[in-house]
Amino acid sequence: MQYKAPRGTQDILPGDSERWQWLERTFREVCALYGYQEIRTPIFEQTELFQRGLGEATEVVTKEMYTFEDRGGRSLTLKPEGTAPAIRAYLENHLGGPGQVTRLYYITPIFRYERPQAGRYRQAHQTGLELIGSGSPEADAEVIDLTLRWYRQLGIQQLTLKVNTLGMRDCRTRYREALLDYARPLLRDLSDEERVRFESNPLRMLDSKDPRVQAAMAEAPTLEAFLEAESQEHFERLLEILGTLGAEFEVDRRLVRGLDYYTKTVFEVQSPDLGAQNALCGGGRYDNLIQEIGGPPTPATGVAMGIERALLALEAAGALPETAAPADAFAIVLTKSPEAERWLADWRSRGLRLLTDPERRSAKSQFRQADKSGAPFAVTIGDEELERGSAKVKQLSTGEEREVAPEAVVEHIRSALEA
RNA sequence: GCGGCAGUAGCUCAGGGGUUAGAGCGCCUGACUGUGGCUCAGGAGGCCGUGGGUUCAAAUCCCAUCUGCCGCCCCA
């Protein structure tokens with residue numbers, strides 16, 4: 001085997017691709033229930049959009065982007081997430097304005113240069129939502145509600161919704177400093193790598209898996225003490241609505257997201273079936289992002305959901321749907337007569353999904369193929385049938401076979417399928 | 001980016017220095033002249049991930065590399 005798919009990428013093969021279609025179709029249907037409309041943005045953007053949008057110091061920007069220069073000397077980046085491009089398109093095309101609420105959804109590949117693992121790829125796929133123009137907790141709740149509805153619709157039972165608030169920019173800045181002050185003695189004992197990581201984003205120390213850090217952070221100041229009244233009220237109201245919706249959730253004070261643009265609400269849905277990469281989706285409010293990338297101050301909230309992870313969770317739970325047969329019938333063609341081809345064409349015109357053996361092998365072989373294909377019916381056309389002016393329609397599950405006039409074949413199969 | 005485990009037929013895997021590398025499943029053909037599933041018989045299919053080294057001899061031992069997986073980091 002000479003060529004392989006690049007590291008961290010994968011082919012989505014027949015059988016699997018139907019599951020992807022089902023999952024995407026379900027997502028579109030759920031989005032429609034809330035009036036979200038699809039947006040499709042380019043696969044790459046100006047590098048600066050992500051640097052400004054996600055934050056210069058974030059992991060994604062510093063070490064995970066696929067950045068390249070095109071022949072015109074422009075720096076471009078394969079999109080590592082969907083929000084910044086969606087917002088860029090929203091601004092560029094004037095999809096909303098002051099006082100207007102805009103609802104967008106997307107389904108897109110994303111690219112991150114990471115070490116691959118189950119549930120983590122260099123090309124991954126996300127579905128996502130952006131609710132732009134509302135700063136209310138009701139908006140956050142709508143996004144969470146839609147997300148959970150999708151998972152429920154897919155049949156993912158085991159999941160945990162975690163929510164937290166990060167407050168607004170000012171309180172976060174003050175809290176960061178307080179955390180750093182508190183942790184300074186601890187930082188001296190850590191490796192260079194950890195120190196750099198924590199200094200650039202002290203909130204990470206809160207959910208670190210390093211036991212030394214965990215122990216040291218037990219007595220750390222909490223964000224709650226710094227939270228401004230507005231953020232506090234926003235969060236309380238959100239929790240109240242989530243309760244009303246009947247959503248089960250946990251407040252996780254250590255939930256920190258990796259992108260700088262989040263303000264106030266952050267949330268994550270986790271699956272116990274996914275191992276280390278257990279986040280099914282992540283989202284939250286980003287009231288500063290739009291201004292950050294050159295738009296007017298506009299509040300917004302959204303979520304990004306991993307398609308591969310949803311499929312992995314379904315697979316682990318044994319809840320993946322069976323893939324359907326690719327055809328309604330398999331035509332057993334035992335003649336060279338052009339009349340047979342006309343029959344096939346006519347049946348397809350009437351909407352019959354019909355498979356054939358282009359090699360026109362023996363009857364036995366064609367029947368074997370028919371069986372293997374999963375098509376419920378085999379329709380035989382040979383010289384005998386052409387002479388009599390009828391086809392033999394066989395139901396493969398029962399073995400029952402009857403002669404049917406060619407113009408009645410499709411109706412015959414259709415009514416048998418519905419029965 | 002760090003630590004660990006693993007790559008042999010389409011798939012799951014055995015073989016762990018000594019002739020032409022195996023099994024099960026799958027695939028193709030036949031027994032059955034035009035009827036699938038079951039059975040039986042036959043067949044196709046392998047640079048043993050790749051490159052280098054040790055050795056009289058390497059799928060097997062060593063090194064490097066690539067890819068996957070587990071954990072960390074991070075996140076979808």
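Rounded to whole Å, the P atom of rA59(B) lies 15 Å from the corresponding atom of rU8(B). Taking atom P on both nucleotides, rG16(B) is separated from rU29(B) by 37 Å, rounded to a whole Å. Distance check on atom C1': rA57(B) versus rG18(B) gives 7 Å, rounded to whole Å. Comparing rG24(B) with rA14(B), their P atoms are spaced 16 Å from each other, to the whole Å. Comparing the C1' positions of rG34(B) and rU67(B) gives an interatomic distance of 49 Å, to the nearest angstrom. rU60(B) and rG53(B) are spaced 15 Å apart, taking the C1' atom of each and rounding to whole Å. rC70(B) and rC13(B) have their P atoms separated by 14 Å, given to the nearest Å. Rounded to a whole angstrom, the distance from the P atom of rC48(B) to that of rG43(B) is 23 Å.
Contact annotation: side chain of E385(A) to base of rG34(B), donor-acceptor pair present below 3.5 Å. No hydrogens or angles were tested; on distance alone, nothing pairs the side chain of R120(A) with the base of rA76(B) as donor and acceptor under 3.5 Å.
For the segment residues 28-37 of chain A, the set of residues with a heavy atom within less than 4.0 Å of an atom of RNA chain B is empty. Of the residues in residues 305-324 of chain A, those with a non-hydrogen atom less than 4.0 angstrom from any atom of RNA chain B are G306(A), R309(A). Residues from residues 121-131 of chain A lying near RNA chain B, meaning a heavy-atom separation below 4.0 Å, are Y121(A), A124(A), Q126(A) in numerical order.
With sequence neighbours excluded, the residues that form a ring-ring contact (aromatic ring centres under 6.0 Å, His included) with Y261(A) are Y286(A). With sequence neighbours left out, the ring-ring contact (aromatic ring centres under 6.0 Å, His included) criterion links Y105(A) to F27(A). Qualifying ring-ring contact (aromatic ring centres under 6.0 Å, His included) partners for Y121(A), counting only residues two or more places apart in sequence or in other chains: none. Residues passing the side-chain contact (heavy atoms from CB on, under 4.5 Å) test with S415(A), sequence neighbours excluded: E411(A). Here Y66(A) pairs with Y113(A) under the ring-ring contact (aromatic ring centres under 6.0 Å, His included) rule; sequence neighbours left out.
Among the atoms of the strands shown, only primed sugar atoms or phosphate atoms (P, OP1, OP2) are found under 4.0 Å from some heavy atom of G8(A). Contacts of R257(A) with the nucleic acid, taken as non-hydrogen atoms under 4.0 Å apart, involve only primed sugar atoms and P, OP1 or OP2. E59(A) comes within 4.0 angstrom of sugar-phosphate atoms only, judged by non-hydrogen atoms across all strands, and of no base. Nucleic acid contact class of S373(A) (heavy atoms, under 4.0 Å, all strands): none. As judged by a 4.0 angstrom heavy-atom cut-off over every strand, E384(A) is placed among the base-contacting residues. Counting non-hydrogen atoms under 4.0 angstrom, E64(A) reaches the backbone sugars and phosphates but no base.
The residues R169(A) and E292(A) are annotated as salt-bridged, a charged nitrogen and a carboxylate oxygen being separated by less than 4.0 angstrom. A salt bridge links K63(A) with E59(A); the closest basic N to acidic carboxylate O contact falls under 4.0 Å. Salt-bridge formation is not detected for the pair R368(A)/D371(A): no Lys NZ or Arg NE/NH1/NH2 atom is positioned less than 4.0 Å from an Asp or Glu carboxylate oxygen.
Of the candidates rG68(B), rA76(B), rU35(B), the closest approach to any side-chain atom of P116(A) belongs to rG68(B). Considering only the side chain of K394(A), rG36(B) comes nearest among rG36(B), rC69(B), rC72(B). If you check rG1(B), rC69(B), rA76(B) against the side chain of E114(A), the one that comes closest is rA76(B). Counting only heavy atoms from C-beta on, A363(A) has its side chain closest to rU35(B) among rC69(B), rU35(B), rA76(B).
Between L238(A) and T165(A), the closest side-chain pair of non-hydrogen atoms is not below 4.5 Å. You'll find the side chain of F267(A) reaches within 4.5 Å of the side chain of V303(A), heavy atoms only.
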Strictly under 3.5 Å: I want the nitrogen or oxygen pairs between protein and nucleotides 28-31 of chain B, one per line.
unit_1	atom_1	unit_2	atom_2	d
rC28(B)	OP1	K372(A)	NZ	2.9

Any protein N or O atoms within reach of nucleotides 4-6 of chain B? Criterion: under 3.5 Å, listing atom names and distances.
unit_1	atom_1	unit_2	atom_2	d
rG4(B)	O6	R115(A)	NH2	3.3

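Judged as a side chain to side chain donor-acceptor pair (under 3.5 Å), the pairs with a partner in residues 29-39 of chain A (not counting sequence neighbours) are, in order, R28(A)-E38(A), Y34(A)-D145(A), Y34(A)-R149(A), Y36(A)-E142(A), E38(A)-R40(A). Among residues at least two apart or in separate chains, salt bridge (Lys or Arg N to Asp or Glu O under 4.0 Å) pairs with a member in residues 326-352 of chain A are D328(A)-R353(A), E339(A)-R342(A), E341(A)-R360(A), D346(A)-R350(A).
Dense packing is recorded around OH of Y182(A), with more than 12 heavy atoms of other residues, nucleotides or ligands lying under 6.0 Å away. No more than 12 heavy-atom neighbours from other residues, nucleotides or ligands sit within 6.0 angstrom of CZ on R254(A).
OP1 or OP2 of rC75(B) has at least one side-chain nitrogen or oxygen of R204(A) nearer than 4.0 Å. Here Q117(A) reaches the OP1 or OP2 of rG71(B): one of its side-chain N or O atoms lies under 4.0 Å away. Neither OP1 nor OP2 of rC73(B) sits under 4.0 Å from any side-chain N or O of R197(A).
Rounded to an integer number of Å, the gap from CG of D260(A) to C1' of rC74(B) is 14 Å.
With S271(A) contributing its side chain and A313(A) its backbone, the two residues share no donor-acceptor pair below 3.5 Å.
With a glycosidic angle no further than 90° from 0, rG16(B) counts as syn.
Judged by distance alone, the side chains of T58(A) and D260(A) never bring a donor and an acceptor atom under 3.5 Å apart.
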